[in-house]
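Read through the structure below, which is laid out as structure tokens, and then see the notes.
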Amino acid sequence: MNIAQFTEFFQDVLITVHANIRDLEEKQAFADPEEQDYIAGRLFSYQEVLAIFRASARDTGIHPKDVGL
């Protein structure tokens with residue numbers, strides 16, 4: 001895998017994570033009380049993944065905004 005392929009892969013993963021967050025936020029607005037906790041848990045998990053990506057980017061000298069974080 002070359003750097004261009006890795007960059008494309010990583011950007012695709014980030015786009016998917018961000019899209020899933022938006023989708024869950026939209027669903028949360030209309031979810032019944034039983035679904036609220038499930039959706040909140042999933043949103044928390046996605047936010048944690050993004051936080052891990054941001055921290056790893058900073059640790060390796062990459063500005064998070066440079067890679068879409």
Compile the donor-acceptor pairs under 3.5 Å between side chains in residues 47-59 and protein atoms, sequence neighbours left out, one pair per line.
unit_1, atom_1, unit_2, atom_2, d
Ser56, OG, Ile52, O, 3.1
Arg58, NH1, Arg54, O, 3.4

Could you go through residues 61-69 and list every donor-acceptor pair under 3.5 Å that involves a side-chain atom there, pairing it with any protein atom two or more places apart or in another chain?
unit_1, atom_1, unit_2, atom_2, d
His63, ND1, Lys65, N, 3.1

Geometric class of the Phe10/Phe6 ring pair [parallel <30°, tilted 30-60°, perpendicular >60°] = parallel

Donor-acceptor contact below 3.5 Å, side chain Gln11 vs main chain Glu8 = no

Should we say atom CD of Gln36 is surrounded by more than 12 heavy atoms from elsewhere, each under 6.0 Å from it?
-> yes

With sequence neighbours left out, which residue pairs that include part of residues 17-42 fulfil the ring-ring contact (aromatic ring centres under 6.0 Å, His included) condition?
-> none

Within 6.0 angstrom of Glu34 CD, more than 12 heavy atoms from elsewhere | no

Which pairs, with at least one residue in residues 19-28 and sequence neighbours excluded, count as a side-chain hydrogen bond (donor to acceptor under 3.5 Å, both in side chains)?
-> Asn20-Tyr46, Asp23-Lys27

